[in-house]
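Remember, it's a predicted structure, so these values are computed and weren't measured experimentally.
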Amino acid sequence: MKKILVPYDFSKVSEHALDFACQIADKADSDIMLLNVIEHPTADSFKTLGMQNVDPMEQLYIKKMYETVQAKLADVVSKAKYSDERIVTKIQLGNPFNTIIDQITEEKVSLLVVGTEGAEGLNEFFAGSNAEKIVRKASCPVITTQNKCDLEPIEKIVFASDFQHTDDYFVGQLLDLQRKFEAQLNIVKINTPASFTSTRHDTKQMEDFVKKYKIENYTIDIYNYKNEEDGIILYAEDIKADMIALGTHQRKGVGHFLAGSIAEDVVNHAQVPVWTAHLKD
C-alpha cells in the first residue's frame with residue numbers, strides 16, 4: 001500500500017478520515033495525499049492554476065482562494081498524527097467527484113479513505129447519490145467512515161457476499177486487508193425471502209470459498225433478514241464487528257448480490273468503517 005488518498009474539505013468527517021488514514025499509513029508504511037477540490041462554475045474552462053478565458057478579477061479570486069486553502073492544509077499537516085514528510089497536499093479546481101476519480105489513476109493511489117455524513121449522504125465533497133458513484137467508480141479500494149475510529153480495536157471484519165461473483169484479485173485484496181489489520185474475517189451470507197437458499201447450500205458455498213482461498217482466522221454464518229443492506233448492518237452490530245467489507249461492480253452497483261443503492265445504504269448507515277473493492281464485471 002504505497003499511497004493513500006484522503007479528500008479533505010476541513011469538515012469534522014474529513015478530519016476523522018485523515019486520522020484513520022494516518023493510522024493505516026503508519027502500520028502499512030504508506031504515503032498520504034490530502035486532496036482539496038475547489039468547486040467553481042467555470043471549472044471546465046481551466047485546470048489547476050492553468051486558467052483560460054477567465055475574467056481577471058475572477059482569476060485573482062481563485063488565486064487568493066488557492067493560497068488560503070494551501071495555508072490551511074499546511075496547518076492540518078503540521079498537526080496530523082503522522083510524519084509531515086509522508087503527507088503531501090494537492091489542490092484542484094473542478095468537480096469533486098470527477099477530480100477524485102481522476103486523481104486515483106494519476107497519482108497511482110492504493111487506497112481512498114473518505115469521511116461521510118452518514119444517512120444524509122457524504123459531506124460537501126460527495127452530496128447525495130455521489131456516495132454510490134464514488135464506491136462504484138473508484139479504481140482502488142475505498143474505506144468510508146463517518147465516525148472517529150481507531151485502528152487497534154479492529155478485530156472483526158464482516159465480509160458479506162453471494163459467493164458466486166468473487167474473483168482471485170478481489171479476494172487477494174480482501175485477505176491483504178485482513179492481514180494488515182490482523183483481524184478475524186466474519187464471512188456471512190444474508191438470506192432474504194426474495195433470494196432464499198438452503199442452509200446446506202450456503203454452508204457448503206462458504207466452506208468451498210474458505211478452502212479455495214486457504215483463509216485462516218475466520219467464521220462463517222448465515223443471517224436471515226428481509227433485505228441485504230439492513231441484514232449486513234444488523235449482523236455487523238450483532239457480532240460487534242469493527243469493519244464491513246463488500247465487493248463492488250463498476251457498472252452494477254455493489255455486486256449481483258448487492259444491487260442498486262445498497263452500497264450507498266450500507267455506507268450511509270453503518271456505524272463502522274466500510275471497505276469496498278471491485279469485483280470483475
Side-chain angles (χ1 to χ4, degrees), residues 114 116-122 126-137 141-147 149 154-167 170-171 174 177-178 183-210 215 218-281:
V114 180
T116 79
E117 281 289 344
E120 296 183 359
L122 297 171
F126 315 109
S129 63
N130 280 341
E132 185 177 356
K133 290 200 298 182
I134 288 289
V135 166
R136 191 189 321 139
K137 292 297 184 181
V142 180
I143 292 179
T144 55
T145 180
Q146 59 177 290
N147 301 309
C149 51
I154 293 184
E155 298 174 346
K156 294 181 179 180
I157 300 174
V158 167
F159 171 56
S161 175
D162 66 353
F163 302 97
Q164 297 179 43
H165 299 85
T166 55
D167 60 80
F170 167 79
V171 176
L174 175 67
L177 176 79
Q178 180 194 18
Q184 181 183 78
L185 196 63
N186 299 98
I187 302 167
V188 64
K189 170 72 177 291
I190 307 298
N191 219 344
T192 70
S195 59
F196 178 81
T197 48
S198 70
T199 298
R200 178 183 290 236
H201 170 274
D202 293 342
T203 301
K204 184 178 188 307
Q205 202 175 39
M206 288 185 284
E207 287 176 345
D208 288 347
F209 176 80
V210 167
I215 299 173
Y218 69 93
T219 66
I220 60 173
D221 210 346
I222 299 164
Y223 196 82
N224 300 317
Y225 204 69
K226 59 186 178 182
N227 60 65
E228 289 92 344
E229 59 269 41
D230 290 337
I232 294 167
I233 292 169
L234 292 175
Y235 176 73
E237 291 178 357
D238 286 351
I239 70 166
K240 296 180 171 56
D242 307 298
M243 179 175 281
I244 295 171
L246 302 172
T248 74
H249 280 297
Q250 284 185 302
R251 293 180 305 194
K252 299 179 182 176
V254 181
H256 174 77
F257 159 64
L258 304 172
S261 64
I262 295 175
E264 186 176 356
D265 289 338
V266 173
V267 164
N268 285 338
H269 293 92
Q271 295 301 304
V272 296
V274 179
W275 176 91
T276 58
H278 285 160
L279 299 163
K280 290 181 180 178
D281 288 326

d(Ile134 CD1, Thr144 OG1) to nearest 0.5 Å is 11.0 Å

Any side-chain heavy atom of Asp242 within less than 4.5 Å of one from Ile157?
no

Going by ring pair (Phe, Tyr, Trp, His ring centres under 6.0 Å), name the residues that satisfy it together with Phe209, two or more places apart in sequence or in a different chain.
Phe159, Phe163, Tyr213

Side-chain contact, heavy-atom cut-off 4.5 Å: Leu185 with Ile215?
yes

What verdict does the side-chain contact (heavy atoms from CB on, under 4.5 Å) test give for Thr219 and Ile187, after you've listed the backbone C-alpha separation in whole Å, the side-chain angles of each residue and the deciding distance to 0.1 Å?
CA-CA 6 Å; Thr219 66; Ile187 302 167; 6.0 Å; no

Rounded distance [0.5 Å steps], OG in Ser198 versus CD1 in Ile222
8.0 Å

Approximate separation, where rounding is to 0.5 Å, of Thr197 OG1 and Lys204 NZ
13.5 Å

Are Thr203 and Glu207 close enough that some pair of their side-chain heavy atoms sits under 4.5 Å apart?
yes

Does the Gln271 side chain pair with the main chain of Ile233, one donor and one acceptor, at a distance under 3.5 Å?
no

Side-chain contact test, heavy atoms from C-beta onward, threshold under 4.5 Å: evaluate it for Tyr218 versus Asn186 and give yes or no.
no

Do Trp275 and Val142 come close enough that some side-chain heavy atom pair is under 4.5 Å?
no

To the nearest 0.5 Å, tell me how far Thr248 OG1 sits from His278 NE2.
3.5 Å

Specify the closest pair of heavy atoms between Thr166 and Leu279, including all atoms of both residues, with the distance to one decimal.
CA-CD2, 3.8 Å

Looking at Asp230 and Lys226, is any side-chain nitrogen of the basic one under 4.0 Å from a carboxylate oxygen of the acidic one?
no

With the side chain counted from C-beta on, respond yes when Thr116 and Thr145 share a heavy-atom pair under 4.5 Å apart, and no when they do not.
no

To the nearest 0.5 Å, what is the distance between SG on Cys149 and CD1 on Ile154?
6.0 Å

Is there a side-chain contact between Val274 and Ile143, using heavy atoms and a 4.5 Å cut-off?
no

Within-4.5 Å side-chain heavy-atom neighbours: Gln184 and Glu155
no

Does Met243 form a side-chain contact (heavy atoms from CB on, under 4.5 Å) with Leu177? I'd like the steps, not just the answer.
CA-CA 11 Å; Met243 179 175 281; Leu177 176 79; 4.1 Å; yes

Where is the tightest heavy-atom contact between Ala183 and Lys156, given as atom of each residue plus distance?
CB-N, 4.3 Å

Give me the one residue out of Asp162, Asp221, Asp202 that meets salt bridge (Lys or Arg N to Asp or Glu O under 4.0 Å) with Lys189.
Asp202

Rounded distance (nearest 0.5 Å) linking atom OH of Tyr225 with atom OG1 of Thr192:
12.0 Å

List the atom of Leu246, the atom of Phe170, and the distance in Å for their closest heavy-atom pair.
O-CE1, 3.9 Å

If every non-hydrogen atom of Val135 is compared with every non-hydrogen atom of Thr276, which pair is closest and at what distance?
CG1-OG1, 3.6 Å

